[in-house]
Asker: 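Below you will find the structure I want to go over with you.
All residue numbers in this chain count up from 1 along the given sequence. If you're wondering where the values come from, they're calculated on a predicted model, not measured in any experiment.
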Amino acid sequence: VRFRDSNVLGINRILDVEASGSLRSRGLEVDLIDPWILGSKTRVSLGAAWLFREEPTFDRTTIRFDATAQRDLGGRWRLRAGYELELEEATNVRGELTAEDREGFVRTAGIFGELRYDGRDDPFLPRQGTLLNGRVFWSAPALAADLHYLELEASAVTYRELDADTVLAVGGSLRTRAPLDGADTLPVQQRYFLGGESSVRSFEEQELSPVDATGTAVGGLTALEGHVELRRRLIKDLHGALFYDVGLVARRALSLDAVAGHAVGVGLRYYLPIGPIRIDFAYGPGERYAANSRWALHAGFGFSF
């Protein structure tokens, strides 16, 4: 549920308040946006958020504050940068993890920069174009953090209309967090996991990850994934899909030393003006990590990539 006041207090500023909830999560986010203070092409915002979510491996509580500036560079390019402070706690942790992984909040704080290119013909139901995104985040004690690391992210998706009823979508992403204090890893709530409705779809949420001796997913510091999906209209707004997903999570930063997980599957999508409602059914050959089955069924809103 979202409330927006585009002229809060009569000073031509924007207030966004969003509350969310599901069977496994609940959250609240507030943003105050000034679209004029640095000129018509730059938006400055202050934000705060609280989120609780029951993850498969642990329960996550997140408190976040940020100050950002976003500038339109023209030609579909956008630059976003700012400062972010986040406190994150993992409770009810399953598996064989140390006390440091289980107890208390950890604090990340630092500066980030994000460059984005959006060449899609439609942000909700794209048929042509390319979306590119790159992000760098530096968390450092000098900026009020108790975790010192560098995070790098890059992603790309391209869409091609093969005929009036068929679209081919191809995408991929790479993320890594490199500790800068000599540590081998980061607390479990700061690690990557794959699997779920918007990831490698033969896995349930967070099942594609290194596991401990009990078979519990424990995450890693590098995540790589790729997707190919053929989407075709069946009847009016009902579309079918054939897809292939692949992904891996490595324990160390800047490493791809892990066996990949795979998904092949079919799906149905019912297109709405703001995106599709979809059902995906996938089979996972090869390594299964924390998954108990080779089959997975997902229902979701919006495209997986």
Side-chain angles (χ1 to χ4, degrees), residues 2 4 6-8 11-18 29-49 51 62-86 88 107-140 142-145 147-159 169-178 180 190 192 198 221-227 253-254 274-275 302-303 305:
R2 171 177 288 176
R4 167 171 280 204
S6 297
N7 189 24
V8 62
I11 58 173
N12 204 20
R13 303 300 183 262
I14 301 169
L15 176 68
D16 264 338
V17 180
E18 181 176 333
E29 184 170 352
V30 180
D31 292 288
L32 180 62
I33 303 167
D34 188 326
W36 309 110
I37 191 171
L38 295 180
S40 60
K41 292 186 176 182
T42 303
R43 293 163 62 94
V44 176
S45 66
L46 297 175
L51 176 68
T62 304
I63 301 170
R64 186 180 73 250
F65 304 93
D66 60 72
T68 67
Q70 177 179 300
R71 184 169 180 81
D72 179 9
L73 302 179
R76 297 180 179 264
W77 289 94
R78 186 188 75 190
L79 178 64
R80 184 169 174 263
Y83 174 83
E84 184 177 285
L85 171 67
E86 188 171 273
E88 225 171 17
R107 187 172 67 252
T108 63
I111 54 176
F112 69 88
E114 181 178 313
L115 183 63
R116 181 182 178 92
Y117 170 81
D118 191 347
R120 297 173 296 176
D121 60 344
D122 188 304
F124 301 111
L125 299 171
R127 299 183 60 84
Q128 289 277 14
T130 299
L131 177 65
L132 305 173
N133 198 76
R135 186 177 189 269
V136 178
F137 175 66
W138 176 46
S139 176
L143 299 171
L147 292 178
H148 194 193
Y149 66 82
L150 181 68
E151 179 180 53
L152 304 173
E153 299 182 10
S155 64
V157 185
T158 187
Y159 306 90
V170 180
S173 67
L174 174 64
R175 297 171 288 161
T176 191
R177 284 176 171 164
L180 301 177
Q190 291 293 316
Y192 297 120
S198 297
L221 298 188
T222 300
L224 173 68
E225 56 185 319
H227 313 273
L254 302 172
I274 56 173
F303 290 111
F305 68 99

Asker: Evaluate the ring planes of H148 and W138, with Trp represented by its six-membered ring, and classify them as parallel (under 30°), tilted (30 to 60°) or perpendicular (over 60°).
Answerer: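 If you compare the ring of H148 with that of W138, the planes turn out tilted.
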
Asker: So, are R116 and E153 salt-bridged, with charged N and O less than 4.0 Å apart?
Answerer: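 Salt bridge: no.
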
Asker: Please answer whether the main-chain N or O of D118 pairs with a side-chain N or O of R120 as donor and acceptor at a distance below 3.5 Å.
Answerer: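 Not confirmed, R120 side chain does not pair with D118 backbone.
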
Asker: Do E225 and R175 have side-chain heavy atoms sitting under 4.5 Å apart?
Answerer: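 E225 vs R175: side chains touch.
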
Asker: I need the Y117 OH to L131 CG distance, nearest 0.5 Å.
Answerer: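 That separation rounds to 10.0 Å.
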
Asker: Closer than 3.5 angstrom, by distance alone: can the side chain of R177 be matched with the main-chain N or O of L221 as a donor-acceptor pair?
Answerer: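 A pair under 3.5 Å: no.
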
Asker: Side-chain contact test, heavy atoms from C-beta onward, threshold under 4.5 Å: evaluate it for R4 versus V17 and give yes or no.
Answerer: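 No - every pair of side-chain heavy atoms lies 4.5 Å or more apart.
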
Asker: Find the distance between CZ (R43) and CG (L38) and round it off to the nearest 0.5 Å.
Answerer: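 It comes to 12.5 Å.
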
Asker: Validate the cation-pi geometry between R127 and Y159: distance from NZ or CZ to the six-membered ring centre under 6.0 Å, angle to the ring axis within 45°.
Answerer: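 Cation-pi check for R127 and Y159: fails.
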
Asker: Side chain of S139, backbone of L147: donor and acceptor closer than 3.5 Å?
Answerer: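 Yes.
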
Asker: Are the side chains of F303 and L125 in touch, meaning some heavy atoms are under 4.5 Å apart?
Answerer: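 F303 vs L125: side chains touch.
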
Asker: I'd like to know if the side chain of N7 reaches the main chain of N12, judged simply by a donor and an acceptor atom lying under 3.5 Å from each other, with no hydrogens or angles considered.
Answerer: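 It does hold such a pair.
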
Asker: Quick one: closest heavy-atom pair of L143 and G110, and the distance?
Answerer: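 So the two residues come closest at CD1-CA, 3.7 Å.
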
Asker: Identify the two heavy atoms, one from P35 and one from R13, that lie closest to each other, and give their separation to 0.1 Å.
Answerer: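 Distance-wise, the nearest heavy atoms are CD-CD, 4.4 Å.
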
Asker: Give the minimum heavy-atom separation between A169 and F305, together with the two atoms involved.
Answerer: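 Closest heavy-atom pair between A169 and F305: O-CZ, 3.6 Å.
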
Asker: Could you pull out the closest heavy-atom pair between L174 and T222, with the gap in Å?
Answerer: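 Scanning both residues completely, I find the closest heavy atoms to be CD1-CG2, 4.0 Å.
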
Asker: If the test is side-chain hydrogen bond (donor to acceptor under 3.5 Å, both in side chains), which one of T68, D66, D34 qualifies with S45?
Answerer: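 Considering T68, D66, D34, a side-chain hydrogen bond (donor to acceptor under 3.5 Å, both in side chains) with S45 is found only for T68.
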
Asker: Compare every heavy atom of Y83 with every heavy atom of A109, then report the nearest pair and how far apart it is.
Answerer: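 Here A109 and Y83 meet closest at CB-OH, 3.5 Å.
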
Asker: E84 and R107: salt bridge (charged side-chain N to carboxylate O under 4.0 Å, His left out), yes or no, with the steps?
Answerer: CA-CA 10 Å; E84 184 177 285; R107 187 172 67 252; over 6 Å; no

Asker: Closest heavy-atom contact between S173 and S155?
Answerer: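 The pair with the smallest heavy-atom distance is CB-CB, 3.8 Å.
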
Asker: Would you check if D121 and P126 make a side-chain contact, meaning some heavy-atom pair closer than 4.5 Å?
Answerer: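 Yes, side chains in contact.
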
Asker: Can you check whether Q70 reaches R78 side chain to side chain, under 4.5 Å on heavy atoms?
Answerer: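 The answer is yes, as the side chains (C-beta and beyond) meet within the 4.5 Å cut-off.
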
Asker: Below 4.5 Å, heavy atoms only, C-beta onward: do R80 and F112 meet side chain to side chain?
Answerer: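 Side chain of R80 against side chain of F112, heavy atoms only: contact under 4.5 Å found.
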
Asker: Quick one, T176 and E151 - any side-chain contact, counting heavy atoms below 4.5 Å?
Answerer: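 Of all side-chain heavy-atom pairs linking E151 with T176, none is under 4.5 Å.
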
Asker: Would you call E29 and R64 a side-chain contact if the rule is heavy atoms closer than 4.5 Å?
Answerer: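 When only atoms from C-beta onward are counted, R64 and E29 do touch, with a gap below 4.5 Å.
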
Asker: Nearest 0.5 Å, what's the CD1-CD distance between I63 and E88?
Answerer: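 So the gap between those two atoms works out to 10.5 Å.
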
